[in-house]
Amino acid sequence: MKVANALIGSPVERVEDPRFLRGRGCYVGDIDRVGQVHAVIVRSPVAHGLLRGIDGAAALQAPGVHAVITARDLGPAVPVIPLRLQPLPQLDLFRQPMLANEKIRYVGEPVAVIVADSPALAEDALELMELDIEALPTVTGRDAAQAGDSVLFEAHGSNIAIEWRAVRGDAAAAFATAYYTRRETFRVQRHAALFLEPRGFVAEWDEAAQKLTVWGAAKVAFANRTILAGAMKLSEQQIEMVEVDVGGGFGSRGEFYPEDFLIPFAARHLNRPVKWIEDRREHLLAANHAREIECDVEIAVTKEGRILALRGHSWADIGAYIRTNGSIAPRNTAQFMSGPYAIENIQLTTSSITTNKTPTGTYRGPGRFEGDFVRERLIDLAAKDLGIDRVEMRRRNLVSIGQMPYPLATMTPYESVTELDSGDNHALFERCLQEFGWAEKVKQQGKLVDGRYRGVSIACFIEGGAAGPSEDARIVLQTDGAYCVYVGSASVGQGIETIMAQIAGDALEVPLERIRVRHGSTSDVAAGFGSFHSRATVMGGSAIVLAAEKLKEKIRAAAASALGCAAAEVTLDSQIARALSGGEIPVAALADAPIEAAATFHNKKYTYAYGSVAAHVAVDPKTGHVAVLDIASTKDVGRMINPATLKGQSVGAIVQGLGGALLEHLVYDQDGQLLTGTLADYLLPTADDFPNIHATVLEREPSPNNPLGAKGAGEGEIIPIGGLIANAVAEALADFGVEPMELPLSPPRVWRMITAARKT
Amino acid sequence: MKFPLFDYACPTSLAEAVALLHDRRDEAMVLAGGQSLMPLLAFRLAMPRLLVDLKNIPGLDTIRIGAGGVGLGARVRWCDIEENAELPTAHPLLAAAIRHVAHYQIRNRGTVGGSIALADPAAEMPGIAVTCDAEIAVTGNAGARVVKAADFFLGPMATCLAPDEIITQIRLPPWPRGRRWAFEEFARRRGDFALAGIALFYDLEPNGDVANAHIGVIGASDRPHRLMAAEKAINGAVLDAAAIAAAADAASSAVDPMADHHAPADYRRALVATLVERALARAAK
Amino acid sequence: MLVTVTVNDEAVTVDVAPRLSLADFLRDNLRLTGTHLGCEHGVCGACTVIVDGRAVRSCLMLAVQADGQSIVTVEGLSEDAGLTPLQAAFRKHHALQCGFCTPGMITTAHALLSEEPDAGADRVREVLSGNICRCTGYIPIVEAVLEARAAYLDKQGAP
């Protein structure tokens with residue numbers, strides 16, 4: 001079906017903005033319920049040990065304390081967090097209990113909950129808790145994990161939880177006969193999403209109605225409700241998850257954490273509303289970590305620079321447990337390492353390794369950032385060795401438009417087959433070179449200008465979007481003639497109220513002002529799948545398109561009835577229903593009682609937005625500082641709903657990527673203690689760091705997989721940044737023969753590479 | 001990260017403040033701008049039972065510029081220094097260094113005295129104090145005294161202050177016209193604590209020789225200190241490339257850098273050399 | 001302890017515990033929840049308010065320290081109907097996504113432009129470097145603040 005294009009494609013100003021600009025947003029921290037009390041989580045100070053005892057007696061006596069909840073209070077079997085994605089039975093034993101009960105596996109692991117009259121009083125009581133933990137040797141890196149002297153899960157017997165395999169064609173044969181091969185080991189550091197609003201919940205139990213309300217839902221409220229219901233032994237109908245304003249997610253907020261259970265549990269246990277807001281120190285320890293991986297990968301190439309194969313093994317340091325989506329990044333690293341390039345032979349495996357560190361999960365472009373770092377570096381290394389221009393080498397290997405749809409590697413276990421849906425990689429690549437001004441800037445390559453070495457590079461990416469299985473939408477024509485759109489998609493700050501309103505407005509042929517969007521809460525639609533894997537616009541938007549069609553049919557039927565004609569004779573035009581034979585009635589007048597329609601959009605095929613990013617850097621050889629002089633990106637999203645918000649995603653993603661390439665690092669010591677526990681230690685990009693970024697977003701090749709023709713587009717540009725910056729630094733320091741293999745490219749690391757190179 | 005329990009006192013005289021600090025000397029701390037103290041309380045790394053706020057004590061917040069030099073009241077804020085029209089001429093090194101302190105909002109409350117009392121080895125103000133032979137005026141239960149900056153800082157976050165002593169003023173010697181100076185710092189991002197920093201000045205003899213060189217380092221040792229060997233390398237001759245190189249080399253040998261997750265020791269050592277080179281090159285222009 | 005402050009032009013006297021931060025005082029006692037807590041240790045800037053004309057981190061101030069002072073929060077920089085020029089510029093340039101850092105950006109930008117309505121891009125970036133945003137990448141925020149200068153220059157009378 002065709003959707004009109006009056007609002008879609010227009011950079012409409014966001015309807016969310018006025019309340020945010022006035023300080024009248026409502027985030028979970030702004031919610032207070034009558035009679036509420038406050039929770040604080042007691043967390044293990046030890047990384048690995050046997051939990052011999054918890055003594056909360058003194059804490060319980062502290063002023064204002066109502067309860068100290070430990071695993072004993074959770075029942076005979078402590079509930080565990082299930083795997084939401086890739087739920088393989090062999091991963092069951094790695095699931096995290098809601099509270100530690102026998103063993104501690106990471107610093108920050110929840111061991112108890114203190115509930116008191118205020119957060120300050122609860123924190124005071126925290127000092128009085130006594131934990132008896134018999135320390136065990138810690139496992140903090142790949143070597144210790146593989147050696148297996150100390151094992152996190154005795155029942156499993158090793159620290160290798162699972163191995164993911166990505167296979168395509170015959171890599172062995174390709175390597176056996178390849179003209180050129182190169183093998184290197186790459187490392188990406190542990191870092192994380194660090195959304196600005198800390199996590200939190202307010203939970204309230206209504207004893208009379210036997211109903212639970214939880215504010216602070218995000219990302220996948222319906223899935224979380226299912227998990228919560230199971231853990232609390234309630235039916236889903238007894239639980240309402242309410243999504244309010246959400247201060248960023250990036251894949252990390254909204255997955256089910258222990259607190260998602262503990263706070264509602266406390267509310268029911270005490271029969272009082274319980275509020276918990278995470279603090280930043282806690283956030284750095286408790287919210288999903290990401291990205292840490294070591295990759296031993298080799299590339300096989302023909303004499304002309306055609307990439308024949310990628311082969312290798314990676315070790316993903318996944319932390320102490322596998323939570324809801326802890327499998328995604330490791331498997332993605334393998335499956336998507338080929339990116340937008342036509343690589344026919346692939347054999348990549350990833351081992352997920354358990355260590356005594358915070359558990360990991362998805363963070364924008366999960367596994368893709370890591371895989372792209374490896375691949376883009378290998379391409380540049382190969383090009384250099386073969387004497388082929390790096391730009392030309394990419395041209396020769398990008399999947400061409402004629403090759404679409406292009407199959408990627410097949411993943412096992414939990415078999416998954418996917419293909420690039422549509423796209424003109426070459427056009428985006430050339431456009432990026434042009435936007436960036438490559439021809440001029442490449443002349444600076446390797447030159448010393450004002451004491452700094454200049455380098456340029458370009459990298460290409462794909463972004464998987466529109467994960468299924470489905471999404472629900474419900475549209476109600478209200479008695480006042482306005483439309484209320486309910487959709488199962490979740491807000492993470494991306495402008496959902498506006499985007500969905502634009503889609504609904506065009507689908508209904510109604511102006512934006514007539515539309516209100518409600519999203520994410522379980523009371524809005526029957527089922528919802530939320531916002532992850534860049535799916536909201538495609539999935540929620542397409543569901544809205546379908547629901548709008550159904551609603552228009554119902555409106556036509558109502559008009560036909562009122563006008564005394566057949567439904568087929570009715571046209572809807574600017575909110576007036578007209579019969580062919582004459583006669584008209586305002587649509588609003590048809591809604592004596594609300595008229596509503598609901599629809600589900602099902603999807604099995606991912607979309608792939610794609611594009612290129614180019615960078616110009618200046619490296620100070622004495623301090624090792626890498627200045628990013630400018631960045632230009634291009635991305636094709638198939639169909640743009642709102643170019644302004646889309647571009648906003650691009651710029652934001654690029655800056656996050658630069659943080660990952662240059663600044664951010666979650667550092668542990670040998671004892672599993674997190675050394676970077678404050679925002680003074682964990683370095684986030686600031687306004688001063690990367691002032692020149694130009695993002696171009698295009699709609700060229702629609703996705704054939706949904707009625708909007710859109711591709712999910714919330715993550716893409718972060719994906720190539722690691723490889724991009726590392727390549728640019730290598731180019732800048734070509735005289736020294738410096739080849740970065742590890743992120744972040746902090747000043748001390750860059751300096752070390754230069755110093756080492758000088759010595760040889 | 002809510003603050004721990006404490007009482008709060010807001011005395012209106014120095015004597016009253018000192019008395020409070022003396023009476024409760026094991027558990028009282030001074031509160032000025034709070035920009036370094038409050039984060040410590042938020043993390044419960046410090047658990048004072050009494051905060052003594054200096055804000056109502058008169059006479060601690062003036063900037064005095066005169067023949068005797070520059071006097072900074074302990075409660076002078078970074079923004080006061082930035083906004084003082086005379087200081088860029090009266091003490092350009094101070095003015096330049098302060099531009100690197102933290103961020104806009106911090107600078108509206110953070111104080112000179114607070115920074116000196118905190119004694120973070122990477123902080124600019126202690127570095128300026130030591131480099132410029134500042135004197136720190138202090139009042140405590142035992143009376144008033146003046147401590148030379150070189151004697152004031154004992155180690156990371158450690159000073160010679162007694163628990164009941166309050167810094168009242170930092171005095172910088174007069175700054176002659178024609179003096180050469182530079183401040184060079186390297187931090188990961190603007191406003192971060194320096195991985196290392198150099199504050200320096202020297203005077204020129206009529207024949208162009210360098211004299212009275214003062215080169216101070218921050219961030220690369222357990223406290224700010226002068227680099228005597230580097231000063232020696234440039235005193236008594238014209239400042240040329242060879243002298244700069246010698247000074248840089250001497251500087252890197254004269255520091256004993258800490259290693260932490262931000263930077264290893266050898267990096268800091270090399271950084272000190274680089275910053276001395278750059279600072280001297282800039283001063284010479 | 002009794003504390004008397006003027007908040008958004010309204011005088012209030014409240015009895016508060018000494019350890020109550022100014023941020024929590026505004027949010028919990030006065031229900032002005034526009035001021036946000038992103039870190040509670042003075043780094044992220046989401047809690048920025050204006051005290052006696054200067055932008056400060058309210059998580060690093062005690063309510064009792066604000067006695068006798070005048071405070072402006074993001075709510076006090078808003079109008080009942082419509083958006084101020086600064087807010088409109090933010091909206092126009094898509095300078096906010098999740099909105100959590102936004103109140104701190106608004107108060108900081110307002111404080112800056114009130115004193116320096118001709119601030120250049122470098123100065124704006126320097127000042128905003130004390131406010132973390134994880135969503136926008138800062139570029140549109142800087143653009144918005146630069147655009148808003150016109151309104152502050154007007155207020156002052158053209159220089």
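Lettering of chains follows the sequences in order, A, B, ..., and the numbering in each one begins at 1.
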Chain A shares the most heavy-atom pairs under 4.5 Å, among Glu79(C), Arg91(C), Gln87(C), Arg27(C), with Arg91(C)
Below 4.5 Å, heavy atoms only, C-beta onward: do Val651(A) and Thr136(C) meet side chain to side chain? no
Do Gln97(C) and Glu16(A) have side-chain atoms, one donor and one acceptor, less than 3.5 Å apart? no
Applying a strict 4.5 Å limit to non-hydrogen atoms, the region of Phe690(A) in contact with chain C is backbone
Nearest 0.5 Å please: distance from the CD atom of Glu126(C) over to the OG1 atom of Thr686(A). 11.0 Å
Under 4.5 Å heavy-atom distance to chain C, tell me which part of Ser650(A) shows up: side chain, backbone, both or neither. neither
Minimum heavy-atom distance Asp688(A)-Arg125(C), with the two atoms named: OD1-CB, 3.6 Å
Do the side chain of Arg24(A) and the main chain of Gly34(C) share a donor and acceptor less than 3.5 angstrom apart? no
Does the side chain of Gln656(A) come within less than 4.5 Å of Arg134(C)'s, by heavy atoms? yes
Any residue of residues 55-65 of chain C which, by heavy atoms, sits under 4.5 Å from chain A: none
Less than 4.5 Å apart, any side-chain heavy atom of His36(C) and any of Leu196(A)? no
If you count heavy-atom pairs under 4.5 Å with chain A, which of Val124(C), Leu96(C), Asn131(C) comes out on top? Leu96(C)
For the pair Tyr138(C) (side chain) and Pro685(A) (backbone), establish whether a donor and an acceptor sit closer than 3.5 Å, ignoring hydrogens and angles. yes
Would you say the side chain of His694(A) lies within less than 4.5 Å of the side chain of Ile139(C), judging by non-hydrogen atoms? no
Let's test your reading of the structure: which of Ile132(C), Asp122(C), Ile106(C), Asp28(C) forms the most heavy-atom pairs below 4.5 Å with chain A? Ile132(C)
Rounding to 0.5 Å, atoms NE2 (His41(C)) and OG1 (Thr678(A)) come to a distance of 4.5 Å
In short, Val655(A) meets Gly137(C) closest at the heavy-atom pair CG2-CA, 3.5 Å
Val246(A) vs Cys98(C), test: side chain to side chain contact (heavy atoms under 4.5 Å, CB included). Steps then yes/no. CA-CA 6 Å; Val246(A) 170; Cys98(C) 82; over 6 Å; no
Tell me, with the steps shown, if Arg31(C) and Asp32(A) meet side chain to side chain contact (heavy atoms under 4.5 Å, CB included). CA-CA 10 Å; Arg31(C) 301 305 305 161; Asp32(A) 289 305; 2.5 Å; yes
Among the options Gly42(C), Gly82(C), Gly130(C), Ala17(C), pick out the one with the most heavy-atom pairs lying under 4.5 Å from chain A. Gly82(C)
Student check: side-chain heavy atoms of Arg22(A) and Glu75(C) closer than 4.5 Å: no
Rounded to the nearest 0.5 Å, what's the gap from CD on Gln494(A) to SG on Cys135(C)? Could you check? 9.5 Å
Between the CG atom in Asp17(A) and the OG1 atom in Thr102(C), the distance rounded to the nearest 0.5 Å is 8.0 Å
Quick one: does Leu37(C)'s side chain get under 4.5 Å of Pro198(A)'s, heavy atoms only? no
Closest-packed option against chain A by number of heavy-atom pairs under 4.5 Å, given Ser78(C), Ala121(C), Gly45(C), Cys44(C): Ser78(C)
Identify the two heavy atoms, one from Tyr27(A) and one from Phe100(C), that lie closest to each other, and give their separation to 0.1 Å. OH-N, 3.3 Å
Given heavy-atom pairs under 4.5 angstrom as the criterion, report whether the side chain, backbone, both or neither of Ala120(A) touches chain C. both
Can you tell me how far the NZ atom of Lys92(C) sits from the CD atom of Glu13(A), to the nearest 0.5 Å? 8.5 Å
So what's closer than 4.5 Å to chain A heavy atoms on Val43(C): side chain, backbone, both or neither? side chain
Please report the interatomic distance CG(Leu284(A)) to SG(Cys39(C)), rounded to the nearest 0.5 Å. 10.0 Å
Is Asn692(A) in contact with chain C via its backbone, its side chain, both, or neither, using a 4.5 Å heavy-atom distance? backbone
